[in-house]
Amino acid sequence: MSNDEGRLNAPAFAKLQPDRQMTKSPSSLVIRAWSFFGNILGMKLIEVPAPGFDLAMTLDSGQVFHWEESGGGFVGAIADIAVYVEQRRNVLKVRGREMPAKSSRRQPLSTMVAHYFGLDHPLAEICASFPNDPIMIAARNFCRGLRIIRQPKWECLATFICSSMKQVAHIRQISKALREEFGIARKAFPERGRTIDNYVVHTFPSAARLAKSSERELRKCALGYRAKNLLATARLVSSGTADLEAWSSLSDANLRANLCNLPGVGAKVANCVMLFAYERLRAFPIDVWIERVLRQQYFPRNKRIATGQLRTFSENYFGEHGGYAQQYLFHHARMNKNAKSRARTAAAGK
DNA sequence: ATACAGGCTCGCC
DNA sequence: GGCGAGCCTGTA
């Protein structure tokens, strides 16, 4: 492994070797060099067609918390593969390592990327299934290209156990701390012009790894009272008592019930995991943002409506892709609020 | 500075 | 079986 990592320095060296055929653009020269040596090393530079996709918005919509902006793109991990991805119009440019040939999960990088980002979701059909009310229309127009991604189950579950009573910025910190403390370091291809050493991506630690840790260790990652829940759930998952993969075949109701039996998982977290890791596009997580939207926009005259009634309403009203509708409403509300608070700050500054 | 955050759990009615 | 308080900690 160390041998392999050492050889990753080769592409940097490649920049010193001019390619006679490439004279116009220095950056394309570098890309070709990256590509050439990358292929030798098992690192690929590929392009994935991605029409109807907005990478930046998707990664900033509060469904995934570990991608970091870098140059024109983002560095992160898809399962255990370190990846750099940037969007150029309708194409994703991706650098990442192919799975080892002996791996049983081996599949082309392009397939992995397309699957992870939900590029096969029929977005036009999904949006057409939303209710046609003004609030939903505004959210839909605002969130063009926002997709629900397919996250690894354990990673998603563990991250959302950590999310309770936390703002996005803090969830990111927790995710990063867990990865750096317990995950496996992987070198990632940087964007052009940076040295490779700047880019280490950490995989999300397995349930088995976290099960071996202690509540004290976990608390060092600023988990607070969530540490106990995360540890208990990690033990259930790693022991096989909770078989996350096998749960894929369960009905929505049974899957939700099983998830809610896990320590630290209530209806909100269960719905997030169903939506972001189990492809249950109907799951409708209700957090404080969505609850605010539902109350203010859909029930402005009924301030005393019970939370349970909101749940029943949202499950029926938003239809078969309610989870997508929820994500659009959520992101729209969050971005509006941020814009408003920025405007206030700017106005106050004058 | 000091509420308050993308909740869950438990104890109390 | 619904309701409220407590839990940890960083951010706005």
Side-chain angles (χ1 to χ4, degrees), chain A residues 57-67 139 143 146 148-149 151 155-178 181 214-234 236 242 256-277 283-297 304-312 314 322-349:
Chain A
M57 182 155 53
T58 297
L59 293 182
D60 188 36
S61 67
Q63 51 178 318
V64 64
F65 301 96
H66 79 278
W67 291 87
C143 297
L146 171 50
I148 304 286
I149 72 174
Q151 299 183 46
E155 177 180 323
C156 182
L157 171 63
T159 305
F160 277 95
I161 285 175
C162 299
S163 76
S164 81
M165 281 301 285
K166 287 290 178 198
Q167 298 176 349
V168 171
H170 198 189
I171 303 169
R172 302 190 90 98
Q173 289 179 23
I174 292 175
S175 164
K176 191 178 166 81
L178 284 174
E181 189 64 30
S214 64
E215 186 180 334
R216 244 197 76 169
E217 274 186 288
L218 290 176
R219 276 177 180 265
K220 283 188 206 154
C221 298
L223 264 70
Y225 64 87
R226 303 160 193 81
K228 193 175 174 185
N229 295 330
L230 182 59
L231 182 58
T233 297
L236 289 171
R256 185 177 292 111
N258 280 7
L259 287 169
C260 284
N261 273 334
L262 298 170
V265 180
K268 193 284 185 173
V269 170
N271 278 322
C272 284
V273 175
M274 289 173 68
L275 181 58
F276 302 135
F284 196 101
I286 299 180
D287 52 55
V288 301
W289 287 94
I290 289 296
E291 182 157 349
R292 213 175 290 151
V293 170
L294 293 177
R295 285 181 185 282
Q296 291 174 1
Q297 307 288 350
R304 290 281 160 216
I305 189 168
T307 307
Q309 286 181 280
L310 290 179
R311 187 173 50 75
T312 309
S314 58
Y324 254 98
Q326 176 274 160
Q327 197 65 16
Y328 281 31
L329 291 172
F330 173 77
H331 187 64
H332 188 210
R334 235 185 107 226
M335 292 299 112
N336 262 358
K337 189 255 179 184
N338 288 346
K340 278 181 197 162
S341 69
R342 267 200 304 275
R344 268 200 301 277
T345 310

side-chain contact (heavy atoms from CB on, under 4.5 Å) with [X]: which residues, sequence neighbours excluded?
X        : result
A:Glu291 : A:Ile286, A:Arg295, A:Thr307, A:Leu310
A:Ala227 : A:Glu215, A:Leu218, A:Arg219, A:Leu223
A:Val288 : A:Arg292
A:Gln309 : A:Ile305, A:Ala306

Legend entry - Pairing residues for A:Gln326 by the side-chain hydrogen bond (donor to acceptor under 3.5 Å, both in side chains) criterion, not counting sequence neighbours: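 Partners of A:Gln326 by the side-chain hydrogen bond (donor to acceptor under 3.5 Å, both in side chains) criterion come out as none, since no residue qualifies.
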Every protein N/O lying under 3.5 Å from an N/O of nucleotides 9-11 of chain B:
unit_1: B:dT9; atom_1: OP1; unit_2: A:Gly264; atom_2: N; d: 2.9

Distance-only criterion, 3.5 Å: show the donor-acceptor pairs between side-chain atoms of residues 157-166 of chain A and protein atoms not counting sequence neighbours.
unit_1: A:Thr159; atom_1: OG1; unit_2: A:Glu155; atom_2: O; d: 2.6
unit_1: A:Ser163; atom_1: OG; unit_2: A:Phe160; atom_2: O; d: 2.8
unit_1: A:Ser164; atom_1: OG; unit_2: A:Tyr225; atom_2: OH; d: 3.2
unit_1: A:Ser164; atom_1: OG; unit_2: A:Arg226; atom_2: NE; d: 3.4
unit_1: A:Lys166; atom_1: NZ; unit_2: A:His170; atom_2: ND1; d: 2.8

Legend entry - Donor-acceptor contact present, side-chain A:Gln151 to main-chain A:Gln63, <3.5 Å: yes
Legend entry - Selection: residues 164-172 of chain A, any non-hydrogen atom under 4.0 Å of DNA chain C: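 Nucleic-acid contacts, sorted: A:Lys166, A:Gln167, A:His170.
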Legend entry - Results of salt bridge (Lys or Arg N to Asp or Glu O under 4.0 Å) for A:Lys176 - residues two or more places apart only: A:Glu68, A:Glu180
Inset, instruction - Please name all residues satisfying salt bridge (Lys or Arg N to Asp or Glu O under 4.0 Å) with A:Glu181, sequence neighbours left out, ordered by chain then number. - result: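 For A:Glu181, no residue satisfies salt bridge (Lys or Arg N to Asp or Glu O under 4.0 Å) once neighbours in sequence are set aside.
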Inset, instruction - Apply ring pair (Phe, Tyr, Trp, His ring centres under 6.0 Å) to A:His332 and list each qualifying residue two or more places apart in sequence or on a separate chain. - result: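 Residues passing ring pair (Phe, Tyr, Trp, His ring centres under 6.0 Å) with A:His332: A:Phe142.
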Legend entry - Watson-Crick and G-U pairing of DNA chain C, under 3.5 Å, as dot-bracket with | and [ ]: |||||||.||||
